Every structure is written in structure tokens, then in C-alpha cells.
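In what follows, a single structure is set out as C-alpha cells and then discussed.
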Amino acid sequence: MGSPVVKTHLQAQSASEIAVGHQYQHQGMFHALSGIHKEHGVLGLWRGAISSVPRVMVGSSTQLFTFSFSKQFFNNLEIFPKDSWLIALCAGMTSSFVVAIAMTPFDVASTRLYNQPIGPDGQGMMYKGLLDCLAQIIRTEGFWGAYKGVGASYFRIGPHTILSLLFWDQIRQVNFR
């Protein structure tokens with residue numbers, strides 16, 4: 001697994017005429033790895049990564065709960081045969097939508113935490129942590145500021161969630177028969 005800081009720095013880097021926010025001038029992955037390591041040590045490569053823990057907790061719990069609930073809901077509607085793969089597909093689609101909605105604020109905050117400028121003390125100069133970052137986003141950009149990129153987030157999370165849950169459900173059914 002690579003450093004989320006390096007990935008975010010490189011993805012956020014753009015030409016000066018379209019640049020938004022803080023810009024790091026890395027010449028590539030190895031330049032970014034060595035530069036961050038030299039300036040901030042190994043921990044600098046993982047600065048802000050703790051903000052991903054709530055993201056994963058919220059995402060996983062939302063995914064499992066909504067899949068289970070939705071599967072039961074679609075089963076009770078009796079529009080598909082019992083144990084049909086279509087029930088799991090519909091439940092996975094429902095779950096993928098809810099997961100994208102639940103995780104996007106954490107993705108937005110994590111990206112900003114990873115990409116903020118770093119002071120001489122090794123701490124972020126814009127945000128103190130995840131909650132401070134979310135509070136500042138909502139205060140300055142409004143509630144919907146925490147949902148920037150929700151469409152792109154869905155196109156990343158959606159297919160993965162749908163297919164993972166569909167395949168998991170089908171494999172589980174084969175194993176229990």
C-alpha cells in the first residue's frame with residue numbers, strides 16, 4: 001500500500017493557471033516519496049491517514065447494513081424469485097448509493113488534510129484534524145461543500161460495492177446449499 005499523502009499530492013498537482021488550493025511541485029512518485037521523507041520523516045508519508053479510519057468504519061457499516069436491509073426489503077416485495085441474484089443486485093445498487101453519500105464527506109476532508117501545507121513543526125497549517133476540517137468546510141462552503149465530487153465518488157465506489165456484494169451473496173448461497 002502506498003502513501004495516501006503522495007497519491008493526493010500528485011493527483012492535486014496542476015498547471016498554475018488552473019491550480020486550486022495548495023500545490024506541491026513533485027516531479028513524480030519517487031521525488032515525492034523522498035522529498036516528504038527527507039523533510040518530515042516516515043510519519044510524514046502517512047500524515048492525515050488517521051482521518052481514513054472513520055471513513056472506513058462508516059463505509060463498511062453502512063454498506064453491510066443497507067445491503068442486508070435492502071435485500072430483505074426486495075425479498076419481501078416478491079418481485080423476484082426467492083434467492084434470485086436480482087435481489088442481491090438491487091440490494092447492492094441501493095447499498096452503493098448510500099455508501100457514496102455516507103463516505104463522501106470523509107473523502108473530501110481526507111483529501112484536504114493530505115494536501116494542506118505543512119508548517120515547520122510538521123503540523124498542518126489549515127486544519128487541526130478531521131473534525132476541524134469538516135467544520136471549516138461546512139462553515140465556509142455550506143453543507144454541500146462536504147459533498148464535492150459525490151458523483152465521481154459514486155462511480156468509484158458504486159460498481160465495487162455492487163459487484164462485491166453480489167458476488168459475495170452468490171458465493172455464500174453456493175456454500176450454504
Side-chain angles (χ1 to χ4, degrees), residues 1-26 28-29 32 46-74 77 79-80 85-117 124 126-170:
M1 180 158 105
S3 166
V5 173
V6 170
K7 178 184 83 92
T8 302
H9 285 193
L10 292 173
Q11 287 179 334
Q13 200 166 296
S14 61
S16 59
E17 49 279 351
I18 61 168
V20 175
H22 186 73
Q23 294 288 298
Y24 288 91
Q25 300 304 315
H26 302 303
M29 183 182 72
W46 298 96
R47 179 185 41 78
I50 194 73
S51 67
S52 294
V53 173
R55 174 195 182 272
V56 172
M57 289 171 41
V58 166
S60 295
S61 59
T62 301
Q63 182 183 56
L64 296 174
F65 171 77
T66 57
F67 179 73
S68 179
F69 182 85
S70 299
K71 190 174 170 197
Q72 187 63 50
F73 175 80
F74 289 115
L77 287 179
I79 54 177
F80 303 115
W85 64 274
L86 292 170
I87 293 171
L89 177 66
C90 290
M93 291 169 70
T94 303
S95 181
S96 69
F97 176 76
V98 177
V99 167
I101 298 297
M103 287 177 67
T104 296
F106 295 99
D107 285 337
V108 171
S110 291
T111 299
R112 294 197 186 181
L113 287 167
Y114 295 149
N115 202 48
Q116 70 180 319
M126 298 174 72
Y127 310 107
K128 296 175 189 153
L130 178 64
L131 294 178
D132 179 53
C133 183
L134 286 169
Q136 284 191 48
I137 290 168
I138 292 168
R139 190 176 325 115
T140 59
E141 300 171 46
F143 176 77
W144 297 114
Y147 283 93
K148 286 183 177 182
V150 70
S153 182
Y154 178 78
F155 283 111
R156 180 176 60 87
I157 294 169
H160 175 268
T161 298
I162 294 166
L163 293 173
S164 295
L165 293 172
L166 175 62
F167 293 150
W168 172 76
D169 188 68
Q170 293 302 294

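Everything numeric here is computed off the predicted structure, so don't read it as measured data.
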Using a 3.5 Å distance criterion without hydrogens, assess whether the side chain of [X] forms a donor-acceptor pair with backbone atoms of [Y].
X	Y	result
Thr104	Ala100	yes
Ser60	Met57	no
Glu141	Lys148	no
Ser70	Thr66	yes

Distance (rounded to the nearest 0.5 Å) between [X] [atom1] and [Y] [atom2]:
X	Y	atom1	atom2	value
Asp132	Arg139	CG	CZ	7.0 Å
Leu165	Thr161	CG	OG1	6.0 Å
Tyr127	Tyr114	OH	OH	14.5 Å
Arg112	Leu134	CZ	CG	9.5 Å
Gln63	Ser68	CD	OG	12.0 Å
Tyr147	Ser153	OH	OG	10.0 Å

Search all heavy atoms of [X] against all heavy atoms of [Y] and return the closest pair with its distance.
X	Y	result
Phe80	Cys90	CE1-SG, 3.7 Å
Ser96	Tyr154	OG-OH, 3.1 Å
Met126	Gln136	O-NE2, 3.0 Å
Phe106	Pro54	CE2-CB, 3.8 Å
Val108	Ala146	CG2-O, 3.5 Å
Ala91	Lys71	CB-N, 3.5 Å

Please walk me through it: do Arg156 and Asp107 pass side chain to side chain contact (heavy atoms under 4.5 Å, CB included)?
CA-CA 12 Å; Arg156 180 176 60 87; Asp107 285 337; 3.3 Å; yes
Would you call Thr94 and Phe73 a side-chain contact if the rule is heavy atoms closer than 4.5 Å?
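No, their side chains stay 4.5 Å or more apart.
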